[in-house]
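Report on the structure given below.
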Amino acid sequence: MNTTPSRTTTPSTTTPPAGTTDPAEGSSDAVTEEATAQDSLVKGSATDSPAKDPAPKDTTGTPSDTADSGTAPDDLAGQSADEDDDDALEPDPFDEARHGVGSGAAAVVSAALGVVALTGAWTGRVAAERETLIGQIQTSGGGSAAQQISEIYGDAWHTTALVNGVFAVLALLVGVFVLVRPAFGAPSERPQPTWVRAVALAGVALGVLGVLISAGMYFDLFVSLPTAGAPAGG
């Protein structure tokens, strides 16, 4: 029987000789290198494939912008067409000024002729003086008083009434023509101005009044010719 106690062997803690590697240290270094490699791969993949942008920016313009740019010329063309239509519908001030010039002038002439028919014209006075001169010449050789009144005074009076009546008839005709002119000829787009109708109506009224007064003067309806009294008996 071996009575010598057995010797316990302890692991050697001495430094391994140069050129050798500790198995534990080698395994830890391998794990560290593997983790570093994985991190490098993850970073590289993240750098190579960036996250996809859900709404990539379109440098050439979005579809809505393209549609707006495509419809913009149409809108501008429509607006220009509307403006042209408005300009066409808007009355031209020069056309408005020229409209009714002829009718207005005729209406003024009608009113003026009516005034002349009531107040008398120089042509009527000249015609009356001529008749007076003719009557004096005819009665210069002798004649009755009634004959002298008729030739010298009556003919001049009637001539004045006739001339005034002619002016009154002209005023009446011109005024009526102005009033009925829109009903004949080419139809007009704009109605006759109010002032033209008013002046034409005034001319018609003066013409009618002048015709009535001239007719009364000519036919001695207002006043009769003077009469000579009978000579006194001796």
Side-chain angles (χ1 to χ4, degrees), residues 74-135 149-226:
D74 297 337
D75 295 340
L76 294 177
Q79 292 178 359
S80 61
D82 294 338
E83 291 177 357
D84 293 338
D85 294 339
D86 294 339
D87 294 338
L89 294 177
E90 184 178 357
D92 189 0
F94 294 101
D95 293 339
E96 290 290 335
R98 288 193 297 268
H99 177 62
V101 170
S103 299
V108 172
V109 169
S110 174
L113 290 174
V115 173
V116 171
L118 294 178
T119 60
W122 66 271
T123 53
R125 292 194 297 270
V126 170
E129 292 174 358
R130 181 178 182 277
E131 291 296 329
T132 299
L133 179 60
I134 292 174
I149 292 172
S150 176
E151 294 292 338
I152 297 174
Y153 177 76
D155 290 348
W157 175 265
H158 294 159
T159 301
T160 302
L162 182 62
V163 173
N164 292 342
V166 171
F167 279 100
V169 171
L170 290 176
L172 179 61
L173 294 177
V174 174
V176 171
F177 172 78
V178 173
L179 292 177
V180 301
R181 173 65 181 82
F184 300 94
S188 178
E189 297 179 357
R190 293 180 292 273
Q192 194 177 52
T194 305
W195 70 270
V196 174
R197 296 181 61 85
V199 176
L201 285 173
V204 170
L206 293 174
V208 171
L209 187 59
V211 168
L212 294 177
I213 293 176
S214 299
M217 290 174 60
Y218 189 82
F219 294 104
D220 299 330
L221 298 178
F222 302 131
V223 291
S224 59
L225 294 176

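Sequential numbering from 1 along the given sequence is applied to the chain's residues.
- The minimum heavy-atom distance between L225 and G154, with the atom names listed, is CD2-CA, 3.7 Å.
- Of all heavy-atom pairs spanning A127 and V163, the tightest one is CB-CG2, 4.3 Å.
- Between Y218 and A161, the shortest heavy-atom distance links the atoms N-CB, 3.7 Å.
- Interatomic distance, CG of L179 versus CZ of R197, reported as 5.5 Å (0.5 Å rounding).
- Put simply, CG on L170 and OG on S110 are 9.5 Å apart, with the number rounded to the nearest 0.5 Å.
- In this structure, CH2 in W157 is found 14.5 Å from OG in S150, a value given to the nearest 0.5 Å.
- The environment of F219 atom CZ is sparse: at most 12 non-hydrogen atoms of other residues, nucleotides or ligands sit within 6.0 angstrom.
- Looking at every heavy atom in both residues, A156 comes nearest to A128 through CB-O, 3.3 Å.
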Please report, to 0.1 Å, the donor-acceptor pairs under 3.5 Å made by any side chain of residues 199-215, with sequence neighbours excluded.
unit_1, atom_1, unit_2, atom_2, d
S214, OG, G165, N, 3.0
S214, OG, G210, O, 2.9

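- Contacts classified as side chain to side chain donor-acceptor pair (under 3.5 Å) and involving residues 118-135 (residues at least two apart or in different chains) are not found.
- Every pair passing side chain to side chain donor-acceptor pair (under 3.5 Å) that includes a residue from residues 158-178 is listed here, sequence neighbours excluded: H158-D220.
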